[in-house]
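All remarks here apply to the structure that follows.
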Amino acid sequence: LRAFEKARAKLFKSWVVRMVAVAQILFLIISQNSPKLTFEYTKRNVIMGKLGENYRVNVATLDSLLHPDENFDVIRKILRVGQDEMTLYYIDGFVNGTPMQKLMMHFLSLDSLQTPPDGVKSAAERFAEYNVPHVECDVTGNVDLMVQMVLSGATLILASTFGPLALIVDSRTYPARSTTEPEGDR
């Protein structure tokens, strides 16, 4: 049993070393291909990407990470709301169509994406609080979390008034089996 524990610890240590090497290689590749992203290493060698204040650059950054033009499962939907613009990213088939359609209709019914400043909350936080009629909504500035959540089935919303922040709306749906008995088994 002791030998097994030592072998498992050695295997885990080598796995961690390999994963750190892969993360460093990915960092080099991403930083060369996406100069618009600013990266910083934390003490644990975790790569954290941050968006900037420019909406167009933020959309281009997420396009370069998610490749919605090349991947037919990743959907990018652009909505004009008054003088403002918002971009939604989601995976086709993971998002429940009816709530997402109602959410888009609600956004299109707004006059603008501007919310009254309160001095404490960001524009994205105020917009999420006052204008997103959905239970599960989060505000983040972490690009890694944004990409992870989109690939997990949530919807990412960037807007021209949000600056470096984005909304993550969880309107996922999962396939379910019917509770009725199949015709052939009756």
Side-chain angles (χ1 to χ4, degrees), residues 12 15-16 18-31 33-34 36-42 44-52 55-79 85-107 113 122-129 131-178:
F12 179 73
W15 179 79
V16 169
R18 278 190 231 130
M19 293 308 294
V20 168
V22 167
Q24 290 172 343
I25 290 169
L26 286 174
F27 170 74
L28 291 174
I29 292 170
I30 291 172
S31 63
N33 292 335
S34 300
K36 297 170 188 153
L37 277 176
T38 57
F39 287 98
E40 27 181 81
Y41 271 103
T42 61
R44 295 175 294 162
N45 290 334
V46 177
I47 301 170
M48 303 286 289
K50 298 189 184 286
L51 295 178
Y55 167 71
R56 299 277 178 221
V57 172
N58 294 344
V59 169
T61 299
L62 281 160
D63 282 352
S64 70
L65 292 171
L66 294 171
H67 303 283
D69 297 329
E70 300 165 16
N71 186 347
F72 61 89
D73 287 327
V74 177
I75 307 295
R76 176 187 62 218
K77 182 77 173 164
I78 300 171
L79 301 176
E85 187 174 295
M86 72 175 14
T87 304
L88 288 78
Y89 293 93
Y90 55 93
I91 302 289
D92 189 23
F94 279 159
V95 173
N96 194 345
T98 305
M100 183 52 74
Q101 184 179 10
K102 287 182 181 180
L103 190 63
M104 285 186 210
M105 288 172 50
H106 172 71
F107 290 153
L113 298 177
S122 68
E125 291 170 326
R126 289 190 313 271
F127 185 82
E129 183 177 336
N131 294 319
V132 179
H134 205 279
V135 176
E136 298 181 39
C137 181
D138 193 21
V139 179
T140 186
N142 183 342
V143 174
D144 296 333
L145 179 63
M146 292 177 198
V147 171
Q148 177 186 1
M149 292 303 292
V150 168
L151 295 178
S152 298
T155 302
L156 177 70
I157 302 174
L158 293 175
S160 57
T161 59
F162 291 174
L165 299 176
L167 302 180
I168 297 174
V169 178
D170 191 358
S171 62
R172 291 181 271 202
T173 184
Y174 300 98
R177 292 181 56 179
S178 173

Identify, with sequence neighbours excluded, every residue that meets side chain to side chain donor-acceptor pair (under 3.5 Å) alongside [X].
X    : value
S160 : none
S122 : E125
N131 : none

D69 vs R76, side-chain contact (heavy atoms from CB on, under 4.5 Å): CA-CA, chis, key distance, verdict | CA-CA 8 Å; D69 297 329; R76 176 187 62 218; 3.1 Å; yes
Are T155 and L103 close enough, and set up right, to give a side-chain contact (heavy atoms from CB on, under 4.5 Å), and what steps lead you there?
-> CA-CA 11 Å; T155 302; L103 190 63; over 6 Å; no
Of the non-hydrogen atoms in [X] and [Y], which two are nearest, and what is the gap between them?
X    : Y    : answer
A128 : L167 : CB-CD2, 3.7 Å
C137 : V132 : SG-CG1, 4.0 Å
L51  : P164 : O-CB, 3.4 Å
V95  : G153 : CG2-O, 3.8 Å
A154 : D170 : CB-CA, 4.3 Å

Results of side-chain contact (heavy atoms from CB on, under 4.5 Å) for [X] - residues two or more places apart only:
X    : answer
N71  : D73, V74
T140 : N142, L145, M146, I168
Q101 : M105
K77  : L79, L88, Y90, M104

Are the side chain of D63 and the backbone of P68 linked by a donor-acceptor contact shorter than 3.5 Å?
->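 Not confirmed, D63 side chain does not pair with P68 backbone.
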Are the side chain of Y89 and the backbone N or O of V147 linked by a donor-acceptor pair below 3.5 Å?
-> no
Are side-chain heavy atoms of I78 and E85 found at a separation under 4.5 Å?
->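 Yes, side chains in contact.
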ring-ring contact (aromatic ring centres under 6.0 Å, His included) against F107, all qualifying residues, sequence neighbours excluded | F127
Nearest-0.5 Å distance that lies between atom CD1 in I91 and atom CG in L66 | 7.5 Å
Can you list the residues that meet the salt bridge (charged side-chain N to carboxylate O under 4.0 Å, His left out) rule with E136, with sequence neighbours excluded?
->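 Salt bridge (charged side-chain N to carboxylate O under 4.0 Å, His left out) list for E136, sorted by chain: empty.
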Residues forming a salt bridge (charged side-chain N to carboxylate O under 4.0 Å, His left out) with D138, sequence neighbours excluded = none
